[in-house]
Amino acid sequence: MNKDKNKDNEKEQKKKLWIAVITLVILLIIAIVGVVIYNQNNDEEDENTLAYTELIKEISYENVEKVELTTGSRNAKVKLKNEDEEKTAIIPDSEAFITLIQTEVAEGNEIELIQKPQSFLAQLPGTIFSILPTIIMVALFIMIFKMQGLGEKGKVYDETERKTKVRFDDVAGLEEEKNELIEIVDFLKRPEKYTRMGARVPKGVLLYGKPGTGKTLIAKAIAGEADVPFISMSGSEFIEMFAGLGASRVRKLFEKARKLAPCIVFIDEIDAIGSRRTSNSGAETENNQTLNQLLVEMDGFSSEETIIVLAATNRPEMLDKALLRPGRFDRQITIPNPDLNGRLDILKIHSKDKKLSDDVNLESIAEDTAGFTGAELENILNEAAIVATKNKHEEIENDDIEEAVKKVTVGLEKKGRVISDKDKRLTAYHEAGHAVVSRYLPTQTNVKEVSIIPRGVAGGYTMYKTNEDKYYISKTEMQEKLIALLGGRAAERLVLDDISTGASNDIEVATQIARDMVTKYGMSDKLGPIDFQGKEPYEMQMFGENIGDEIGEEVKTLIDTAYNDAITLLKEHRDKLDRIAEVLLQKEKINEQEFNQIFEEE
Ligand code: ADP
Ligand code: MG
Ligand code: ZN
């Protein structure tokens with residue numbers, strides 16, 4: 001997608017390239033100046049440095065008065081008893097060194113040990129120039145990433161985007177959610193109004209929702225509406241971070257927030273730092289430090305400070321409960337996938353800057369995209385623009401958008417691929433199998449299109465009309481879904497008396513559904529309404545020694561039954577199966593009307 005987008009705005013690319021080149025030149029100049037300064041500094045420091053072995057010797061002679069260490073830095077300032085001037089020593093391993101001094105102190109050696117928190121400025125002259133080449137390399141990489149449009153992910157602070165132009169109007173649908181959040185906007189604008197009344201305004205709001213549902217967008221919109229700075233950070237940044245850095249990043253983030261208050265602090269993917277604190281080992285400890293720091297910061301600012309912390313996650317169950325306590329993220333808002341109207345609004349918003357032909361029917365596109373997120377819909381419109389360009393259309397036509405939907409859901413059509421007649425026949429029967437079976441299943445939606453033109457990795461596909469957004473799916477519906485999924489394999493078995501690898505995806509999906517039915521939705525009569533998912537082995541023991549086997553048997557029964565039902569249905573309607581396969585071999589593609597017609601003819 002990124003590639004295509006880039007093609008779209010070559011000008012932007014060129015601009016970025018120039019910025020990159022200029023930045024590089026500037027960096028090089030800094031580097032040269034830096035090396036010069038570093039060399040000068042070094043010359044001066046030479047008389048004032050103390051070799052580590054010397055330092056150890058002085059310590060053992062009880063000749064050291066004071067040692068000052070900065071966390072993260074290897075430079076120590078040493079004051080010797082018989083000298084006025086402080087000296088600098090390079091400590092190879094600061095932890096070992098601290099232990100050494102502590103032992104000395106315990107044994108009566110009067111050394112004053114001062115441990116200073118890391119200060120970036122203090123470190124500048126010492127280390128930055130010695131790591132300049134690395135910095136330049138890193139800068140180069142970041143730039144290359146940015147040019148590929150991947151940069152946003154790598155950003156810890158949103159320095160550039162302190163004030164956002166996003167408004168609630170840019171967020172389609174989500175009316176109830178916006179209504180709930182308007183209070184926060186009001187609070188940011190007129191905090192006195194609330195504090196005078198002694199009202200306790202939320203400090204933190206958690207946004208739950210799948211990726212692409214608009215959590216970041218709505219957070220920005222709050223900042224935009226309130227006209228306050230938006231500073232953000234992503235939890236995923238911390239996963240590969242060095243020990244101790246996570247906590248200090250959080251501290252710095254809030255330091256900055258206090259300076260900029262009133263403001264919004266946005267923590268994306270908070271589950272990466274805020275997952276349940278469990279054991280005290282390895283990576284966990286690091287996460288805990290970061291999480292603890294976050295809790296400390298949130299508890300630290302009073303409600304007068306008008307900082308609102310918004311956080312987003314798509315894995316609420318992972319979060320440490322401590323985050324949800326009053327005074328922290330005590331308000332949670334679920335951001336759902338858009339419903340029909342929401343999708344239509346999103347399509348409208350994102351087609352504003354695109355040339356749409358009059359024949360475009362956004363309503364029907366919205367109908368066809370149940371379950372899609374805002375980000376996916378935006379993506380579809382971008383794809384549609386590319387498809388239209390490829391088709392040399394003046395404007396984006398309805399077909400272009402429909403093609404884009406298919407491109408996003410099934411993959412790119414591969415008309416050029418050469419397929420043997422044998423494979424074609426197999427695909428035709430496989431797809432006809434799906435289509436015919438679902439036609440006779442009351443809960444399954446109508447067939448929209450059947451095709452044996454390869455798309456993406458699929459040899460063919462059967463597209464169904466989407467059913468309008470339902471909150472619940474019944475057991476019968478799930479069972480019938482299994483039958484429809486296995487209809488392809490069943491047709492292969494029945495007609496060709498052999499089976500192929502073409503059904504692998506169907507089988508994967510079916511198995512997942514059957515497993516969820518048994519272990520998540522309590523739909524097995526034998527095992528009852530129990531949640532078996534994500535349980536530790538010892539927890540599973542509660543349900544009996546052989547619970548694993550029993551679950552497996554139930555899943556297998558569901559699949560076997562569905563497969564047999566599919567075979568039965570196809571045997572019963574063999575004439576339709578043959579007919580659909582025949583038309584498919586002729587025309588490669590059957591649309592809804594043609595499909596229905598075949599069932600009406602006698
Ligand atoms: P999330 O943070 O939930 O992963 P984002 O806010 O980053 O999702 O959404 C990604 C993009 O998708 C947005 O920049 C916007 O273009 C589009 N989008 C998502 N939801 C909506 C919506 N409700 N209205 C308009 N655009 C949306
Ligand atoms: Mg986001
Ligand atoms: Zn299939």
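Just follow the structure's listing: the first ligand is 1, and inside any ligand the first atom is 1.
- Side-chain contact check for S357 and E397: no donor-acceptor pair (N or O, by modelled atom type) lies under 3.5 Å.
- Using a 4.0 Å cut-off to heavy atoms of V171, the atoms of ligand 1 that qualify are 23 (N), 24 (N).
- Taking atom 23 (N) of ligand 1 as the reference point, the nearest protein heavy-atom neighbour is A172 O, 3.0 Å.
- The environment of CG in D358 is sparse: at most 12 heavy-atom neighbours from other residues, nucleotides or ligands sit within 6.0 Å.
- Taking the charged nitrogens against the carboxylate oxygens, K390 and E403 have no contact shorter than 4.0 Å, which rules out a salt bridge.
- A salt bridge (charged side-chain N to carboxylate O under 4.0 Å, His left out) with D368 holds for exactly one of K448, K465, K406; it is K448.
- The heavy-atom pair separating K215 from G209 by the smallest distance is NZ-O, 2.8 Å.
- Note that the NZ atom of K220 and the CD1 atom of I222 stand 13.0 Å from one another [nearest 0.5 Å].
- Salt bridge absent: D421 and R425 never bring a charged side-chain N and a carboxylate O closer than 4.0 Å.
- Annotation: atom 12 (O) of ligand 1 to nearest protein heavy atom, A375 CA, 3.2 Å.
- Heavy-atom separations between L377 and ligand 1 are all 4.0 Å or longer.
- Two rings, from Y440 and F599, have their centers less than 6.0 Å apart.
- If you number the atoms of ligand 1 from 1 as listed, the ones under 4.0 Å from a heavy atom of P211 come out as 4 (O).
- Note on D506: its N/O/S atom closest to the Zn ion (ligand 3) is OD2.
- Only the side chain of I346 comes within contact range of ligand 1, with a heavy atom under 4.0 Å; no backbone atom does.
- Residue contact annotation: G209 has no non-hydrogen atom under 4.0 Å from ligand 1.
- In this structure, the protein non-hydrogen atom closest to atom 6 (O) of ligand 1 is L217 N, 2.9 Å.
- Using a 4.0 Å cut-off between heavy atoms, E378 contacts ligand 1 through its side chain alone, with no backbone atom that close.
- Contact annotation: K220 has no heavy atom less than 4.0 Å from any atom of ligand 1.
- When heavy-atom distances to ligand 1 are checked against a 4.0 Å cut-off, I335 has no atom that comes that close, whether in backbone or side chain.
- Heavy atoms of G173 come nearer than 4.0 angstrom to ligand 1 in no pair at all.
- With hydrogens left out, the protein atom closest to atom 26 (N) of ligand 1 is H350 NE2, 2.9 Å, a heavy atom.
- Of the protein's non-hydrogen atoms, G212 N, 2.7 Å is the one closest to atom 4 (O) of ligand 1.
- By the 4.0 Å N-to-carboxylate-O rule, R579 lies too far from E594 to be salt-bridged with it.
- The protein non-hydrogen atom at the shortest distance from atom 25 (C) of ligand 1 is D170 O, 3.4 Å.
- Taking atom 2 (O) of ligand 1 as the reference point, the nearest protein heavy-atom neighbour is T216 OG1, 2.6 Å.
- Environment of CG in D353: crowded, with over 12 heavy atoms of neighbouring residues, nucleotides or ligands closer than 6.0 Å.
- Side-chain N/O atoms of D516 and Q512 include a donor and acceptor closer than 3.5 Å.
- What sits closest to atom 8 (O) of ligand 1 on the protein, heavy atoms only, is G214 N, 3.1 Å.
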